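This report concerns only the one structure given below.
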Amino acid sequence: MAVFRILLAVAVTLGRLLPFLIVAAALFLLWRRSAGEKKGPDFKGPVYTVDYEEIEDEEG
């Protein structure tokens, strides 16, 4: 009988905490998703590069 009361108390406690745990997990996942999107710039369209050649100064 005592085991049944302990199991019932654990079940009731988890039942009361479950909504808060679900909300906390959802907020954590949303925070991780928004933090992961800031990886770098997203270029839409062509990206142009310029080739250059180093020229030594002619002195004298």
Side-chain angles (χ1 to χ4, degrees):
M1 191 71 170
V3 174
F4 179 71
R5 281 186 171 179
I6 292 172
L7 290 177
L8 186 62
V10 169
V12 169
T13 303
L14 287 177
R16 288 182 181 177
L17 291 177
L18 191 61
F20 297 107
L21 293 175
I22 291 173
V23 169
L27 289 175
F28 179 74
L29 291 176
L30 288 174
W31 175 70
R32 293 278 294 169
R33 176 182 284 181
S34 67
E37 292 176 358
K38 299 177 183 176
K39 292 181 182 174
D42 186 21
F43 295 106
K44 297 184 191 279
V47 177
Y48 298 101
T49 59
V50 177
D51 292 332
Y52 66 93
E53 183 178 329
E54 291 187 20
I55 300 174
E56 295 181 12
D57 291 336
E58 296 180 12
E59 294 183 16

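Quick caveat, the model's predicted, so the values are computed rather than measured. Positions are given from 1, in the same order as the sequence printed here.
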Subject >> Nearest-0.5 Å distance that lies between atom CG in L8 and atom OG1 in T13 >> reply: 9.0 Å
Subject >> Remaining members of hydrophobic cluster (4.5 Å side-chain criterion), L27 >> reply: V23
Original post:
side-chain contact (heavy atoms from CB on, under 4.5 Å) with F20: which residues, sequence neighbours excluded?
Top reply: none
Original post:
Under a single-linkage rule joining Ile, Leu, Val, Met, Phe, Trp and Tyr whose side-chain heavy atoms are separated by less than 4.5 Å, which residues share a cluster with L30?
Top reply: none
**OP:** Each residue besides L7 in its hydrophobic cluster should be listed here, by chain and number; the cluster joins Ile, Leu, Val, Met, Phe, Trp and Tyr at side-chain heavy-atom distances under 4.5 Å.
**Re:** V3
